[in-house]
Engineer: 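To start, I am sharing the structure in question, which I have written as structure tokens.
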Amino acid sequence: MKAIILVGGQGSRMRPLTSHLPKNIVPVCGVPFLTYQIEYLKSVGVKEIVFSIGYRPEDIRAVYGDGRRHGVKIHYALEKAPLGTAGALKNSEKFVKGSPVIVLNGDILTDIPLAKMINFHKKNKDVATLGLVRVEDPTAYGLVLLDKKNYVTKFLEKPAADEIVTDTINAGVYLFEPEVFDYIPAGQNYSAERGLFPSLLKDKKNMGGYVWEGYWQDIGTPWKYLTTHWDILNGAFPVYAEHTSLSNKVYMGKGVKIGKGALLKGPAIIGDGCVIAEGARVLPYSVLGKGCVIEKNSSVTRSVLWDGVSVGSHVQLEEVVLGRHCKVLDFTKLAKGSVLGDHAKA
Ligand code: GTP
């Protein structure tokens, strides 16, 4: 089977992290996020993937190229203007024409068992199967109502609190038969949630709901992005970052320098060429990109630092996300939950 990944969004909820980098390739535990999705698709034998892309396509191409390094073939379906989640599919159709296809939202991490979902889809012979998950607070998502046989009966996109009638949401994992593409107008902005799915329902096309109780997260806000790291470090997914040593659950890159009396406590990731100075501490659930410097007597806890961040002395960072080449001056305290974009100074 081939797959399409929707990677065209602006990632506005994740600014300033996404001001200079598409959301789909923000580093997650040391590798660009789409690497998790590529590995997920490879686990069911997918060899060809279409990136349906709009925002900063050159950044994504620079990371993945033709896909060879990741063991897949990647096609790029480019959009001049955002086409919406269904319009983007139509724009990718030429690469998958005539065959059933797996579609992923490019910002979700899940262990929905794709092989089982594909079997479910084949057995039911529906035009579409939607992966669904249950969440505690469904207000920010698209709700999906099912009948007793698990057929989709209704969609409610980002409902108000008093409209909530289910905790089952659209997980952004789909299987589509080729016929689905006939329901999408070409060359115009068209939404899957508001346009395509309702029109399939109106035409009495069967859409099955595959409900999954396991792991699901969308990385679309800085807080969810941060906590996704903690989940991975807790073992929810493999750590794909290359590392040369692993001790005390600390994944260490090449050429890391550790000063006297520095303390490293895992689970944590320390990228190539980092310098952890005398008496500095890298504490659990911290992820440091390449070339970060943590000066004397500073500590990093449950935080994510992108490449080239420099942290002065006597600084305590807890639950923060710092973009590329940020600089934190000596004796600075950042509030928990702080997020700094690339090159910011604090
Ligand atoms: P926010 O601006 O923070 O809402 O993020 P977003 O722009 O990524 O939108 P959203 O989270 O709703 O998108 C879900 C998935 O669909 C993401 O993987 C987006 O990259 C993708 N997506 C959203 N709109 C488009 C579009 O117009 N074209 C393409 N190709 N993908 C899209």
Side-chain angles (χ1 to χ4, degrees), residues 5-15 18 23-24 26 28 33 36-37 40 84-86 88-89 102-114 116-117 120-121 124 126 128-176 180 190-202 205-232 234 236-237 337 339:
I5 309 182
L6 294 169
V7 292
Q10 302 261 336
S12 50
R13 287 166 299 151
M14 238 172 117
R15 286 185 195 138
T18 46
K23 170 167 72 172
N24 315 91
V26 293
V28 173
F33 178 67
Y36 291 86
Q37 296 200 322
Y40 181 54
T85 43
L89 293 178
I102 304 169
V103 175
L104 297 180
N105 279 3
D107 55 354
I108 56 109
L109 185 63
T110 182
D111 56 9
I112 291 178
L114 263 186
K116 286 188 182 160
M117 185 170 156
F120 174 91
H121 177 75
N124 292 352
D126 297 330
T129 299
L130 278 59
L132 308 173
V133 287
R134 298 206 163 97
V135 292
E136 257 170 47
D137 176 13
T139 44
Y141 300 105
L143 304 193
V144 181
L145 275 68
L146 300 174
D147 67 13
K148 282 186 186 137
K149 289 184 171 163
N150 270 29
Y151 282 118
V152 176
T153 56
K154 199 174 174 185
F155 292 92
L156 264 173
E157 201 51 28
K158 300 187 178 123
D162 60 350
E163 288 176 305
I164 290 174
V165 282
T166 177
D167 59 356
T168 308
I169 64 151
N170 175 357
V173 178
Y174 315 99
L175 297 169
F176 291 146
V180 167
Y190 197 61
S191 154
E193 299 79 3
R194 294 186 173 84
L196 172 64
F197 296 149
S199 78
L200 285 167
L201 278 185
K202 205 168 144 223
K205 294 291 172 185
N206 279 342
M207 275 186 282
Y210 183 84
V211 184
W212 178 239
E213 306 275 354
Y215 186 87
W216 184 85
Q217 179 66 287
D218 84 294
I219 61 153
T221 67
W223 183 253
K224 289 177 187 167
Y225 167 73
L226 179 60
T227 57
T228 299
H229 287 76
W230 307 346
D231 296 339
I232 294 171
N234 271 334
F237 291 88
V339 178

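Worth saying up front: this structure is predicted, and the values here are computed from it rather than measured.
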Engineer: Atom CG in Leu104, atom CD1 in Ile112: separation rounded to 0.5 Å?
Structural biologist: 9.0 Å
Engineer: Quick one: are Tyr225 and Val28 in side-chain contact, heavy atoms under 4.5 Å?
Structural biologist: yes
Engineer: Are the side chains of Phe120 and Leu175 in touch, meaning some heavy atoms are under 4.5 Å apart?
Structural biologist: no
Engineer: Could you point out which residue of Thr166, Asn150, Leu146 forms a side chain to side chain contact (heavy atoms under 4.5 Å, CB included) with Leu132?
Structural biologist: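 Only one of Thr166, Asn150, Leu146 forms a side chain to side chain contact (heavy atoms under 4.5 Å, CB included) with Leu132, namely Leu146.
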Engineer: If we ignore hydrogens and angles and just use 3.5 Å, is the side chain of Asn170 paired with the main-chain N or O of Gly142 as donor and acceptor?
Structural biologist: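 Checking the backbone N and O of Gly142 against the side chain of Asn170, no donor-acceptor pair under 3.5 Å is found.
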Engineer: Quick one: OG1 on Thr129 to CZ on Phe176, what's the gap to the nearest 0.5 Å?
Structural biologist: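 It comes to 9.5 Å.
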Engineer: Using a 3.5 Å distance criterion without hydrogens, assess whether the side chain of Gln10 forms a donor-acceptor pair with backbone atoms of Thr18.
Structural biologist: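 Not confirmed, Gln10 side chain does not pair with Thr18 backbone.
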Engineer: Could you tell me if the side chain of Val26 sits less than 4.5 Å from the side chain of Ile219, heavy atoms only?
Structural biologist: yes
Engineer: Would you check if the side chain of Thr153 reaches a backbone N or O of Leu145 as a donor-acceptor pair within less than 3.5 Å?
Structural biologist: yes
Engineer: Say you draw a straight line from CG of Asn234 to NE2 of His229; how long is it, rounded to the nearest 0.5 Å?
Structural biologist: 13.0 Å
Engineer: Tell me, please, which residues at least two apart from Lys224 pass salt bridge (charged side-chain N to carboxylate O under 4.0 Å, His left out).
Structural biologist: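 Lys224 satisfies salt bridge (charged side-chain N to carboxylate O under 4.0 Å, His left out) with Asp218 only.
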Engineer: Are side-chain heavy atoms of Leu89 and Leu6 found at a separation under 4.5 Å?
Structural biologist: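 Counting from C-beta outward, Leu89 and Leu6 do come under 4.5 Å.
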Engineer: So how far is it from Asn24 CG to Ile5 CD1, rounded to the nearest 0.5 Å?
Structural biologist: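 The CD1 atom of Ile5 is 8.5 Å from CG of Asn24, to the nearest 0.5 Å.
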Engineer: Please verify the inter-ring angle class for Trp212 with Tyr210; under 30° counts as parallel, over 60° as perpendicular, anything in between as tilted.
Structural biologist: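 The rings of Trp212 and Tyr210 lie parallel, inter-plane angle below 30°.
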Engineer: Can you list everything that forms a salt bridge (charged side-chain N to carboxylate O under 4.0 Å, His left out) with Asp167? Sequence neighbours excluded, please.
Structural biologist: Arg134
Engineer: Apply side chain to side chain contact (heavy atoms under 4.5 Å, CB included) to Tyr174 and Asn105, showing your working.
Structural biologist: CA-CA 9 Å; Tyr174 315 99; Asn105 279 3; 4.0 Å; yes
Engineer: What verdict does the side chain to side chain contact (heavy atoms under 4.5 Å, CB included) test give for Val173 and Thr110, after you've listed the backbone C-alpha separation in whole Å, the side-chain angles of each residue and the deciding distance to 0.1 Å?
Structural biologist: CA-CA 9 Å; Val173 178; Thr110 182; 4.0 Å; yes
Engineer: Go through the steps for Phe33 and Thr228 under the test side chain to side chain contact (heavy atoms under 4.5 Å, CB included), then give the verdict.
Structural biologist: CA-CA 11 Å; Phe33 178 67; Thr228 299; 5.5 Å; no
Engineer: Taking the side chain as everything from C-beta on, heavy atoms only, tell me whether Gln37 gets closer than 4.5 Å to Ile108.
Structural biologist: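 In contact.
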Engineer: How long is the span from the CZ atom in Phe155 to the OG atom in Ser191, to the nearest 0.5 Å?
Structural biologist: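 The CZ atom of Phe155 sits 10.0 Å away from the OG atom of Ser191.
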Engineer: Is there a donor-acceptor contact under 3.5 Å from the side chain of Asp107 to the main chain of Gly220?
Structural biologist: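 Looks like no, no N/O pair under 3.5 Å.
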Engineer: Parallel, tilted or perpendicular: which one describes the rings of Tyr141 and Trp216, with boundaries at 30° and 60°?
Structural biologist: perpendicular
Engineer: Looking only at heavy atoms, which two atoms of Val7 and Gly106 are closest? And how far apart?
Structural biologist: CG1-CA, 4.2 Å
Engineer: Would you mind reporting whether Phe197 and Val144 have side-chain heavy atoms less than 4.5 Å apart?
Structural biologist: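 The answer is no; the side chains never approach within 4.5 Å.
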Engineer: About how many Å separate OG1 of Thr85 and CD of Glu193, when rounded to the nearest 0.5 Å?
Structural biologist: 3.5 Å
